Every structure is written in structure tokens, then in C-alpha cells.
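From a predicted model like this one, the values you see are computed outputs, not experimental measurements.
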Amino acid sequence: MKIRAQALVIFLMLTGITLPVSAETDVFPILAYSDLILDGQTVHSFGGAAVVQKGESSLAVSYLNSQFLRQAEQDVPSAFHTVDFLLDVKKSRQQYLLIVKGSSDKPFAGGLGTYQAGAAWGYKIVNEDSVSLILGAGAAVGEFGIDSPLIPVPLLRLSGKWEYAQFSFDFLTGPNLSATLFPGSKIRISLDSRMDKFRDIGDLLFDCPALPFF
């Protein structure tokens with residue numbers, strides 16, 4: 001089998017826009033479109049997201065639709081949907097998290113393997129200007145590559161913010177790492193990595209774009 005490691009990616013994102021709803025509430029809309037062109041395969045992706053921020057609490061909802069232009073003999077779905085929901089409520093040093101995410105050609109309707117959900121409570125034990133650490137516990141439901149669909153999970157949230165870099169590491173249903181270089185500039189380099197299942201190294205997903213902000 002001949003494999004060519006060549007790809008052309010066209011990626012457009014509209015972000016950096018703030019819609020003030022009230023004196024305490026802001027809405028951040030995001031629109032995204034990308035083309036991934038591989039040898040014998042092209043993927044068109046488009047979607048959007050909205051983040052509602054009120055004080056230190058936030059609500060984030062996103063949707064991404066990926067259309068596959070594939071060869072006839074390939075037995076894969078022609079469309080793939082990704083839905084994410086995150087509710088993050090902070091009260092003093094306490095934090096409450098609710099996460100729901102679906103990823104499939106039939107998310108949620110396709111069964112347990114097409115979505116994950118988790119809820120947790122945590123307490124901020126480190127609350128410095130540049131570094132914070134939250135520890136807690138919760139429960140998650142989904143297909144994690146183990147026998148039980150319902151498992152207890154730890155909550156770990158470590159974040160740091162400096163003039164030229166910032167990062168956050170979360171662990172609830174799986175590890176999530178986000179990092180940004182030059183967060184105050186108009187061109188920012190970001191790294192996002194996550195692992196939702198634990199079958200093999202193929203479950204590790206990441207991307208590292210350079211994004212313009214206007």
C-alpha cells in the first residue's frame with residue numbers, strides 16, 4: 001500500500017469579536033472553515049462556536065461538520081459531526097463543571113460510543129496571580145476503552161499565565177492541554193491536545209495553528 005504524507009490545509013477562522021450583552025455578560029462568536037487535501041481524500045469542515053462569559057463563569061457550545069470527498073470503495077461515512085458543550089461555574093474557590101461531547105456520523109443517536117459526558121466539583125488550592133491549581137472529583141459516562149461505561153474521575157485543572165505564554169491542563173474524561181505563545185499579539189501560536197479514549201496512541205489528537213487576531 002502506497003502512503004503519501006502530503007497535505008494541503010486551508011484554514012479560516014473568524015474570532016476576536018466580542019458582543020456585550022450586559023454590563024457583566026459578554027458573548028464571543030467563532031466561525032471556522034478548513035480544507036484538508038490529502039492523497040485521494042479531501043475533507044471540507046465548517047462550524048461555529050459561542051462562548052458566554054459572566055464574571056469568572058462561562059458557557060461554551062461548538063459544532064463542527066466535516067464532509068469527506070472519498071473514493072467509492074472506502075467504507076466510511078460521508079459526514080462527521082462534532083458537538084461540544086461546557087458549563088464552567090466558579091464560586092469563590094469552588095468550581096463546578098459539566099461537559100458533554102459527541103463525535104460521530106450520528107452523535108448521541110448512534111449509541112454510547114458516540115458521546116461522553118462528565119460532571120465534577122473542585123476546590124482551588126493554589127490561587128496565585130500567574131498559577132492556579134484546582135483538585136476535585138466527579139463521574140463520567142462514555143466508552144473509554146474499559147469495561148464499565150460509568151467511571152469515577154479525578155478533576156485536575158492547572159493553569160499558568162505570563163506575558164509571553166499561557167497554558168492550561170485539564171483532566172476530567174481525559175487529558176486536555178492548551179498552550180498559547182504571545183497571547184497579547186495579533187499572531188498567536190496555539191497548541192491543543194486531547195485524549196478521550198485510551199485504546200492506543202491513535203487516540204491522541206492535537207493541532208498547532210498560528211492564528212491572526214484583529
Side-chain angles (χ1 to χ4, degrees), residues 13 28-32 34 36 43 45-53 56-68 75-90 94-124 132-159 167-180 190-209:
M13 176 175 284
F28 304 90
I30 299 172
L31 295 176
S34 68
L36 176 61
V43 184
S45 299
F46 60 90
V51 179
V52 181
Q53 185 83 37
E56 290 189 295
S57 300
S58 62
L59 168 66
V61 180
S62 67
Y63 170 75
L64 183 67
N65 180 289
S66 298
Q67 300 285 337
F68 296 86
D75 186 21
V76 296
S78 60
F80 201 82
H81 308 275
T82 303
V83 182
D84 288 279
F85 173 92
L86 170 64
L87 178 62
D88 186 346
V89 178
K90 297 183 177 71
Q94 300 188 69
Q95 184 166 25
Y96 305 88
L97 280 177
L98 175 62
I99 298 175
V100 180
K101 47 189 175 183
S103 185
S104 173
D105 58 325
K106 296 179 180 180
F108 306 106
L112 190 62
T114 65
Y115 71 91
Q116 293 180 349
W121 168 88
Y123 189 82
K124 184 180 290 186
S132 69
L133 174 63
I134 297 173
L135 295 177
V141 61
E143 188 176 278
F144 301 103
I146 58 178
D147 293 336
S148 175
L150 178 64
I151 59 172
V153 293
L155 170 61
L156 168 63
R157 304 197 83 180
L158 175 65
S159 62
F167 81 94
S168 65
F169 176 80
D170 303 332
F171 191 103
L172 184 56
T173 59
N176 296 271
L177 173 66
S178 296
T180 303
S190 299
L191 169 66
D192 290 289
S193 179
R194 70 183 188 275
M195 192 171 186
D196 295 331
K197 298 180 182 180
F198 304 93
R199 297 168 300 187
D200 53 47
I201 194 63
D203 290 325
L204 178 62
L205 307 175
F206 66 91
D207 58 80
C208 185

**Request:** Kindly compute the distance separating OG (Ser62) from CG (Leu86), expressed to the nearest 0.5 Å.
**Result:** 9.5 Å
**Request:** Mind listing the closest non-hydrogen atom pair of Glu56 and Gln53 along with its distance?
**Result:** C-NE2, 3.9 Å
**Message:** So Phe85 and Leu98, do their side chains get closer than 4.5 Å, heavy atoms only?
**Reply:** yes
**Fill in**
Closest non-hydrogen atoms of Ala140 and Val153, given as atom of the first, atom of the second and distance, are CB-CG1, 3.8 Å
**Message:** I'd like to check Leu156 versus Leu135 (side-chain heavy atoms, cut-off strictly below 4.5 Å). Are they in contact?
**Reply:** yes
**Request:** Please round to the nearest 0.5 Å and tell me the distance separating atom CH2 of Trp121 and atom CG of Leu97.
**Result:** 12.0 Å
**Straight-line distance of Arg157 CZ to Asp170 CG, nearest 0.5 Å** = 4.0 Å
**Message:** Using side-chain heavy atoms (C-beta onward) and a distance below 4.5 Å, is Leu59 in contact with Val89?
**Reply:** no
**Complete:** Distance col, row His81:NE2 vs Asp105:CG, nearest 0.5 angstrom, shows 7.0 Å
**Asked** Which heavy atom in Ser103 sits nearest to a heavy atom in Thr82, and how many Å separate them?
**Response** OG-OG1, 3.6 Å
**Item:** Between OH on residue Tyr115 and OG on residue Ser104, distance to nearest 0.5 Å
**Value:** 12.0 Å
**Prompt:** How long is the gap from CZ on Phe169 to OG on Ser159, to the nearest 0.5 Å?
**Reply:** 12.5 Å
**Request:** Determine whether Leu87 and Tyr96 make a side-chain contact, defined as any pair of heavy atoms from C-beta on separated by less than 4.5 Å.
**Result:** no
**Item:** Ion pair Asp84/Lys101, N-O distance below 4.0 Å
**Value:** no
**Asked** Does the Ser66 side chain pair with the main chain of Ser45, one donor and one acceptor, at a distance under 3.5 Å?
**Response** no
**Request:** Grab the two heavy atoms, one from Val51 and one from Ala60, that are nearest each other, plus how far apart they are.
**Result:** CG2-CB, 4.1 Å
